[in-house]
Amino acid sequence: MLELQTIRENPDWVIGRLNIKNFDASAIVGQILEFDKMRRDTKNKLDQNMAEANQLSKQIGFLFQAGKAGEATELKNKIAQLKLAAKELEDRLASYEEGQFKALVKLPNLPGNPVRKGFSAEDNEVVHQEGAIPELYKGAVPHWDLCNRYGIIDFELGNKITGAGFPVYRGKGARLQRALINFFLDEGIKAGYLEYQPPLLVNEASGFGTGQLPDKDDQMYFVNLDNLYLIPTAEVPITNLYRNLILKPADLPIKNVAYSSCFRREAGSYGKDVRGLNRLHQFDKVEIVQITLPDRSWDTLEEMREHVTGLLRKLELPFRIVRLCGGDMSFASAMTYDMEVYSAAQERWLEVSSVSNFVTFQSNRMKLRYKDEEGKSRLLHTLNGSALALPRIVAALLENNQTETGIRIPEVLQSYTGFGIID
RNA sequence: GGAGAGGUGGCCGAGUGGUCUAAGGCGCACGCCUGGAAAGUGUGUAUACUUCAAAAGGGUAUCGAGGGUUCGAAUCCCUCUCUCUCCGCCA
């Protein structure tokens with residue numbers, strides 16, 4: 001949620017920035033300013049009204065104590081009139097506040113300075129690429145065929161017990177999952193992150209805090225009986241740990257890492273994008289989250305990008321980093337780097353991580369603040385990134401490392417897997 | 001699932017209709033005291049909105065949430081919610 005003050009002070013600038021995200025904000029910004037004026041006018045009237053009523057009430061107390069019941073009755077009538085007016089003012093104030101809030105949560109986050117205007121993934125800017133694209137032997141196949149051949153991931157069994165998008169990992173496939181999770185967590189801890197294990201279900205307030213609710217609730221699984229949502233990413237519970245807090249600058253930065261299963265309905269996806277491990281309803285991910293002072297967040301974004309880069313290097317995967325254009329960025333993000341690995345048998349880049357700076361967008365929703373030198377409350381900045389999401393890493397590892405005699409496991413993982421080849 | 005007890009400031013905890021502008025304690029900040037520290041001692045210490053050019057100051061709201069009674073509610077009534085204890089079930 002954007003800060004009201006920003007919109008109030010620079011409405012045209014806000015509209016201009018949102019244009020980079022191809023979002024026409026002029027009508028909504030106009031609405032917000034209109035509601036703001038009415039809200040403040042009404043609040044002023046109501047406050048004056050209540051101040052008068054409060055004062056009269058106090059006088060009645062004294063009059064009763066002094067035994068002057070007659071004068072007290074007179075005042076009572078006066079207060080009754082004030083109350084009547086107050087009720088009407090209160091109702092109006094509430095409707096203005098609601099109108100303003102509803103308009104405010106419709107606005108996406110403003111893109112940061114380096115973000116370019118663009119309409120789709122085509123317009124994203126490749127800022128880095130490294131690692132040799134492997135040349136596979138003749139007869140190399142996509143990962144879903146490999147999974148089948150070596151019996152390590154069973155998509156059919158998942159269909160049987162749950163449905164499409166819920167694969168079953170088996171034998172060395174299961175072991176590889178566990179190895180990757182441990183490797184990613186250990187690397188996070190080495191980089192100074194504190195490990196957490198969050199709940200996999202969250203309440204509505206948490207969904208709102210990180211920006212999944214309202215409006216994107218059709219992307220989350222919902223547990224009807226208890227009004228809980230299955231998390232689409234550990235970002236949601238881990239960031240919301242700090243909801244409604246005022247932190248001390250000395251506590252910052254907060255650096256957390258968490259493994260969790262992630263659940264996504266992925267409504268509307270289809271085709272080759274969803275084949276095999278490319279898009280799942282349930283998958284595993286290690287997530288890094290940072291909370292920083294405002295002047296640190298852009299450097300922190302680069303630091304997090306470096307961390308993820310290091311992981312991809314150690315896994316010996318060819319990868320590239322793209323800076324998302326305005327049109328491809330998420331609702332809540334101010335800037336996002338996508339990390340993509342090359343999947344040699346599918347001959348395409350697969351997104352395995354998204355590292356974003358949300359600046360104050362989430363913290364404003366969560367009321368996550370700190371005290372500055374003057375003792376004023378200010379919003380903190382939140383960031384997060386996948387480090388890393390498993391399925392597409394597994395897809396790339398399987399495809400890129402396949403040989404005629406089996407699938408080679410990268411050196412760095414072998415102490416975790418306990419084996420060097422899948423055959 | 002059943003029964004009961006609770007939710008008060010950063011924390012603990014008092015408060016059953018008007019001086020609550022929330023006692024007291026702990027913690028924290030800044031002083032005093034001290035050679036330095038501890039102890040002692042003094043002062044200060046919630047959030048949001050709003051008013052104001054700004055600062056100072058002021059106003060309104062907030063004692064889990066929402067509604068109600070009343071001139072007046074932390075306090076009385078209703079609904080919801082969360083926590084704890086016991087029973088049941090159970091990894």
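A, B, ... follow the sequence lines: proteins, then strands. Residue 1 opens every chain.
- Separating the P atom of B/rC71 from that of B/rC80 is a span of 28 Å, rounded to the nearest Å.
- Note on A/Asn54: every side-chain N or O is 4.0 Å or more away from OP1 and OP2 of B/rG59.
- B/rU19 is unpaired under the Watson-Crick or G-U wobble criterion, no partner having all donor-acceptor distances under 3.5 Å.
- On the C1' atoms, B/rU69 is 7 Å away from B/rC77, given to the nearest whole Å.
- B/rA65 and B/rU81 have their P atoms separated by 15 Å, with the value rounded to a whole Å.
- Between B/rG4 and B/rA91, the two P atoms lie 28 Å apart (nearest whole Å).
- Within residues 32-50 of chain A, the residues approaching RNA chain B are A/Arg39, A/Arg40, A/Lys43, A/Asn44, A/Asp47, A/Met50, by heavy-atom distance under 4.0 Å.
- Annotation: B/rG27 and B/rC11 have their C1' atoms spaced 7 Å apart (nearest Å).
- Contact annotation: the side chain of A/Trp144 approaches that of A/Gln346 to within less than 4.5 Å [non-hydrogen atoms, C-beta and beyond].
- Across all strands shown, nothing is found opposite B/rG88 as a Watson-Crick or G-U wobble partner with both distances under 3.5 Å.
- To the nearest whole angstrom, the two C1' atoms, one in B/rG58 and one in B/rG6, are 38 Å apart.
- For A/Leu245 and B/rC11, the CG to P distance is 11 Å, given to the nearest whole Å.
- Pairing partner, B/rG42: B/rC30, with both Watson-Crick or wobble hydrogen-bond distances short of 3.5 Å.
- Annotation: B/rC28 and B/rA5 have their P atoms spaced 38 Å apart (nearest Å).
- The neighbour count for A/Gln197 CD, taken as heavy atoms of other residues, nucleotides or ligands under 6.0 Å away, does not exceed 12.
- Distance, A/Gln59 CD to B/rU19 P: 14 Å, rounded to whole Å.
- Results of the side chain to side chain contact (heavy atoms under 4.5 Å, CB included) test with A/Leu397 over A/Leu390, A/Val341, A/Leu413 single out A/Leu413 as the only residue that passes.
- Using the Watson-Crick or G-U wobble rule with both distances under 3.5 Å, B/rA5 pairs with B/rU83.
- In this structure, A/Phe361 and A/Phe331 have perpendicular ring planes: the angle between them is above 60°, well past the 30° mark.
- Residues A/Lys190 and A/Glu187 form a side-chain contact, since some pair of their non-hydrogen atoms from C-beta on lies under 4.5 Å apart.
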Using nucleotides 69-76 of chain B, report all nitrogen or oxygen pairs with the protein that are shorter than 3.5 Å.
{"from": "B/rC71", "atom 1": "O2'", "to": "A/Ser57", "atom 2": "OG", "distance (Å)": "2.8"}
{"from": "B/rG72", "atom 1": "OP1", "to": "A/Lys83", "atom 2": "NZ", "distance (Å)": "3.3"}

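- Considering OH of A/Tyr169 and CD of A/Gln177, their distance stands at 4.5 Å, rounded to 0.5 Å.
- A/Lys87 places its NZ atom 11 Å from the C1' atom of B/rG68, with the value rounded to the nearest Å.
- For A/Leu93 and B/rG59, the CG to P distance is 19 Å, given to the nearest whole Å.
- In the displayed structure, A/Gln414 atom CD is contacted under 6.0 Å by more than 12 heavy atoms of other residues, nucleotides or ligands.
- Rounded to whole Å, the distance from CG on A/Leu368 to P on B/rA48 is 13 Å.
- For the side chain to side chain contact (heavy atoms under 4.5 Å, CB included) with A/Lys87, the lone residue among A/Leu84, A/Asp91, A/Leu89 that qualifies is A/Asp91.
- The side chain to side chain donor-acceptor pair (under 3.5 Å) contacts involving residues 246-262 of chain A comprise A/Tyr242-A/Asn256, A/Lys255-A/Glu303, A/Tyr259-A/Asp284, A/Ser261-A/Asp284, where partners must be two or more places apart or lie in separate chains.
- Base pairing analysis places B/rC76 opposite B/rG68; the two distances defining the Watson-Crick or G-U wobble pair are each below 3.5 Å.
- Spacing between atom CG of A/Asn203 and atom P of B/rA65 amounts to 16 Å, rounded to whole angstrom units.
- The CD atom of A/Glu90 sits 13 Å away from the C1' atom of B/rG68 (whole-angstrom rounding).
- Here B/rG35 sits opposite no nucleotide as a Watson-Crick or G-U wobble pair (both hydrogen-bonding atom distances under 3.5 Å).
- No donor-acceptor contact under 3.5 angstrom links the side chains of A/Glu156 and A/Asn148, judged on distance only.
- If A/Glu52 and A/Arg369 are placed on RNA chain B by their nearest nucleotide, the residue sitting closer to the 5' end is A/Arg369.
- In this structure, B/rU60 and B/rA48 make a Watson-Crick or G-U wobble pair, each of the two defining distances being under 3.5 angstrom.
- Going from the P atom of B/rU45 to that of B/rA22 covers 10 Å, rounded to whole Å.
- A/Asp226 has its CG atom 14 Å from the C1' atom of B/rC82, to the nearest Å.
- Classification of the A/Tyr416-A/Phe183 ring pair by plane angle, with boundaries at 30° and 60°, yields perpendicular.
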